[in-house]
2 protein chains.
Amino acid sequence: MRRTDRLFEILQLFRGGRSWRGRDIAERLEVSVRTIYRDIDTLVASGVPIDGERGVGYLLREPIFLPPLTLNIAELEALHLGMEMVRQSADVELADAAGRLLDKIDAVLPSDRAGRDHLGEMSVYAGGGGATLEHLAELRRAVAGRQRVDIGYQRLDGQRSTRRIRPLHIEYWGRVWTLTAWCEWRDGFRVFRIDRISAVGPGSGRFAAEPGKDYAAFLVQMEGKGASR
Amino acid sequence: MRRTDRLFEILQLFRGGRSWRGRDIAERLEVSVRTIYRDIDTLVASGVPIDGERGVGYLLREPIFLPPLTLNIAELEALHLGMEMVRQSADVELADAAGRLLDKIDAVLPSDRAGRDHLGEMSVYAGGGGATLEHLAELRRAVAGRQRVDIGYQRLDGQRSTRRIRPLHIEYWGRVWTLTAWCEWRDGFRVFRIDRISAVGPGSGRFAAEPGKDYAAFLVQMEGKGASR
DNA sequence: ATTCAACTGACAGGATGCTGTCAGTTGAGA
DNA sequence: TCTCAACTGACAGCATCCTGTCAGTTGAAT
């Protein structure tokens, strides 16, 4: 096997997410362990974020590897605009991630294209303040992990309530984030504005998808009502 | 010079934007033209979009080159979310560029991370329809190129007018796009909602930045009025 | 202090890649 | 049809890189 092919194979092993000892990689790829140590050195030197620890092995610190890409001007502008939109309108975790991604991009662009003023004569004012979205990140995780949660909610008329819900889907409407959920106490679908959710707590574990109470069923129900989305 | 260093130098030459003949590159890097033909073949084979034509030379079809990058999960989510926001809320040019960028990313991701459903249990509904933003792209260009334009505008009360303006800045507010301009007929700053601009025409060429009539002056004036942004 | 596995530096030998040259091909223009 | 520059295939010779081995180092655990 040629060296460049082997380097690629090592990256594919690491992409799987687990850690690998040098000796194990050597056996797998049928070379000496000395060769694997050199290969890992080469990958690290070219920027691949590999962590290694005696007794533990090696693994990729950041699992998503993008090979060299070429973009045109409009694609770079779209990237800058989109990251600014996320920085201002999503939760702090996604906003920070967008910022880090821009930093990575800026670090490798020529100096005439990098830098803070990457939007030129455009500005984004889409923020609603971090506080109103303090629960977005954990709700995203609850949706992804199919975890019931108990939420504290404050309706427009000021009335407060608590609900035990199955969070099904999150929507972004340009200024407002909403959560579509199945409410176990009202036994029906409800849509909550995330900026009015005042508390999120654990709500008795995970839930299984149940026909008639999932997001697909919600969409069918909404179509029946003729609601325009 | 080692070959890999020379390949990098060739990329740097192309990043300058002009075209280069094989013979000129060979002279510059002090190797034979045969070697340069091999180098260009190698760059093309690894995905660099180089165009070549007899008598013209070689140049980079897409001038922005990103070397290998590694991202974590949140950064990839931010990227997907941001590109979807652009696709739905910006003009067709930026929306298409965002789509192409996502296609490029998906093409190089492992299959478990690529694909259309990249937002998982989130949706973006930030579109206002392409028609209302039909002038955004040309206004972006007018701002960038400091070109006066004549616009047809329809105010909220239905009244229509035409204005000759110096377009200074574009703002995105989460649902609405606005254009900040110096209106030459009213001799003052005005802010126009881009979805209410019904026509854009050439407006007697370029304008020079004029103290008191640029975007910085506008911001000072807005601060004076205590307006909250 | 000792042990053991992970890791590194140095070396020899082999393998692979690279370069310039040259004859030939290609394509556009006259 | 001819000319000319851009480009390619083939070749020999050289240069560089890669690999496995082995002695030594390192660091954690005992």
What pairs meet the salt bridge (Lys or Arg N to Asp or Glu O under 4.0 Å) rule with one or both residues in residues 61-80 of chain A, with sequence neighbours excluded?
A/D51-A/R61, A/E62-A/K104, A/E75-B/R100, A/E75-B/K104, A/E77-B/R140
For B/Y153, all residues meeting ring pair (Phe, Tyr, Trp, His ring centres under 6.0 Å), sequence neighbours excluded
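For B/Y153 the ring pair (Phe, Tyr, Trp, His ring centres under 6.0 Å) partners, ignoring immediate neighbours, are B/F192.
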Can you sort out the partners of B/F207 under ring pair (Phe, Tyr, Trp, His ring centres under 6.0 Å), two or more places apart, ordered by chain and number?
none
First and last nucleotide of DNA chain C in contact with chain B, 5' to 3', at under 4.0 Å to a heavy atom: what are they?
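Listed 5' to 3', the contact boundaries are C/dC18 to C/dG27.
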Could you walk me through whether B/L79 and A/L79 pass the side-chain contact (heavy atoms from CB on, under 4.5 Å) check?
CA-CA 8 Å; B/L79 179 62; A/L79 180 63; 3.4 Å; yes
Which parts of nucleotides 12-20 of chain D does protein reach within less than 4.0 Å, heavy atoms only, written one letter per nucleotide 5' to 3' as B for base, S for sugar-phosphate only and - for none?
-----SSBB
Worked check of side-chain hydrogen bond (donor to acceptor under 3.5 Å, both in side chains) between B/E171 and A/S123
CA-CA 5 Å; B/E171 300 85 30; A/S123 299; 5.8 Å; no
Could you pull out the closest heavy-atom pair between A/W20 and A/L13, with the gap in Å?
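For A/W20 and A/L13, the tightest heavy-atom pair comes out as NE1-O, 3.4 Å.
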Would you find more than 12 non-hydrogen atoms of other residues, nucleotides or ligands less than 6.0 Å from A/R164 atom CZ?
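Yes.
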Can B/R3 and B/T42 be said to form a side-chain hydrogen bond (donor to acceptor under 3.5 Å, both in side chains), step by step?
CA-CA 11 Å; B/R3 190 177 198 230; B/T42 299; 2.9 Å; yes
Do any N or O atoms from the side chain of B/W182 and from the backbone of B/E210 form a donor-acceptor pair under 3.5 angstrom?
no
Let me see the working for B/I170 and B/T178 under side-chain contact (heavy atoms from CB on, under 4.5 Å), right down to the final yes or no.
CA-CA 6 Å; B/I170 286 177; B/T178 59; over 6 Å; no
Considering the terminal five base pairs at each end of the helix from C/dA1-D/dT30 to C/dA30-D/dT1, what angle separates the two local helix axes, rounded to 10°?
50°
